[in-house]
Amino acid sequence: KNEVEQSPQNLTAQEGEFITINCSYSVGISALHWLQQHPGGGIVSLFMLSSGKKKHGRLIATINIQEKHSSLHITASHPRDSAVYICAVSRGSGGGADGLTFGKGTHLIIQP
Amino acid sequence: NAGVMQNPRHLVRRRGQEARLRCSPMKGHSHVYWYRQLPEEGLKFMVYLQKENIIDESGMPKERFSAEFPKEGPSILRIQQVVRGDSAAYFCASSTQSSGNTIYFGEGSWLTVV
């Protein structure tokens, strides 16, 4: 079993829908990261969480440390949100980028 | 992605040749990380470097792969005697310190071994 599991693997939705992507992990972590990757493109860091909830524009990320679970929500989804969303956990002492363990990603397609 | 520069973006090498991938971190960042993304697989950590030091290379294959981050110039990921299985996207990331800071990724270098 992978240390970081994401669901769903693939998600197709209509423009405007509320999107939820889930991430569960099985190891102790210092922080959890949500990343976005467009096809053939680079990776953008969306959030770094160690507790609670963060919001940036239409994106919301939550984490429950006790349940070892995090969710990424997209409100009022738009076709430009189509990308692969990757959950990664850090076991480094400060939550940084060393030793990140990644989920396999969720392929999101938003249809107009 | 702003500021982390990787080159080349695409590299084609024949089996047995050497591949050199370069990463210039964001200005002011002294921590560099390399990750590999194999086709249809997730990203995997390879190595963490600070200037002139390898901090953690637990994700590096034991043979043919090496990395450096010299005092001057970019970080280099070097793959000797490439094989088809080395075909992948190689991503570099940088941060100001290893803890508590946002990670900035480069656009990636896509290596194809023919």
Side-chain angles (χ1 to χ4, degrees), chain A residues 1-10 21 23-27 29-52 54 56 59 61 63 83-107, chain B residues 1-7 9-10 23 25-26 29-50 53-60 67 69 75 88-112:
Chain A
K1 188 175 190 288
N2 292 332
E3 292 177 337
V4 181
E5 295 278 357
Q6 286 186 237
S7 63
Q9 281 188 300
N10 298 285
I21 299 170
C23 175
S24 297
Y25 52 92
S26 57
V27 295
I29 69 170
S30 53
L32 183 142
H33 303 257
W34 281 103
L35 312 170
Q36 180 193 57
Q37 183 176 26
H38 285 279
I43 296 168
V44 176
S45 177
L46 299 175
F47 295 103
M48 186 179 83
L49 293 162
S50 53
S51 65
K54 286 190 177 179
H56 185 255
L59 301 177
I63 188 168
V84 177
Y85 291 85
I86 301 168
C87 171
V89 299
S90 175
R91 289 181 282 171
S93 59
D98 54 309
L100 280 178
T101 302
F102 299 84
K104 293 195 173 182
T106 295
H107 294 250
Chain B
N1 289 342
V4 180
M5 303 300 295
Q6 288 189 246
N7 68 82
R9 289 294 313 279
H10 298 274
C23 171
M26 279 189 73
H29 287 194
S30 58
H31 298 248
V32 166
Y33 315 85
W34 284 95
Y35 305 92
R36 177 165 66 173
Q37 188 175 42
L38 291 166
E40 305 304 321
E41 291 189 23
L43 285 153
K44 296 224 186 298
F45 167 77
M46 297 183 76
V47 62
Y48 162 37
L49 309 111
Q50 293 180 29
N53 285 304
I54 296 174
I55 307 301
D56 180 354
E57 56 180 349
S58 57
M60 289 278 271
F69 188 16
S75 175
Y90 292 84
F91 287 92
C92 169
S94 73
S95 66
T96 54
Q97 60 189 51
S98 66
S99 62
N101 286 74
T102 300
I103 308 160
Y104 294 89
F105 283 83
E107 293 283 312
S109 290
W110 268 258
L111 172 65
T112 302

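Proteins get letters first, then strands, A, B, ... in listed order; numbering begins at 1 in each. Just so we're clear, the structure is a prediction, and the values are computed from it rather than from any experiment.
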Is the count of non-hydrogen atoms from other residues, nucleotides or ligands lying under 6.0 Å from A:Gln9 atom CD greater than 12? no
Distance check, rounded to the nearest 0.5 Å: B:Tyr33 atom OH versus A:Leu100 atom CG? 8.5 Å
What's the separation between atom CD in B:Gln37 and atom NZ in A:Lys104, rounded to the nearest 0.5 Å? 12.0 Å
Rounded to the nearest 0.5 Å, what separation is found between the CD1 atom of B:Ile103 and the CD1 atom of A:Ile43? 10.0 Å
Determine, using ring centers only, whether B:Phe45 and A:Phe102 are less than 6.0 Å apart. no
CZ on B:Phe91 to CD on A:Gln37, rounded to 0.5 Å: 4.5 Å
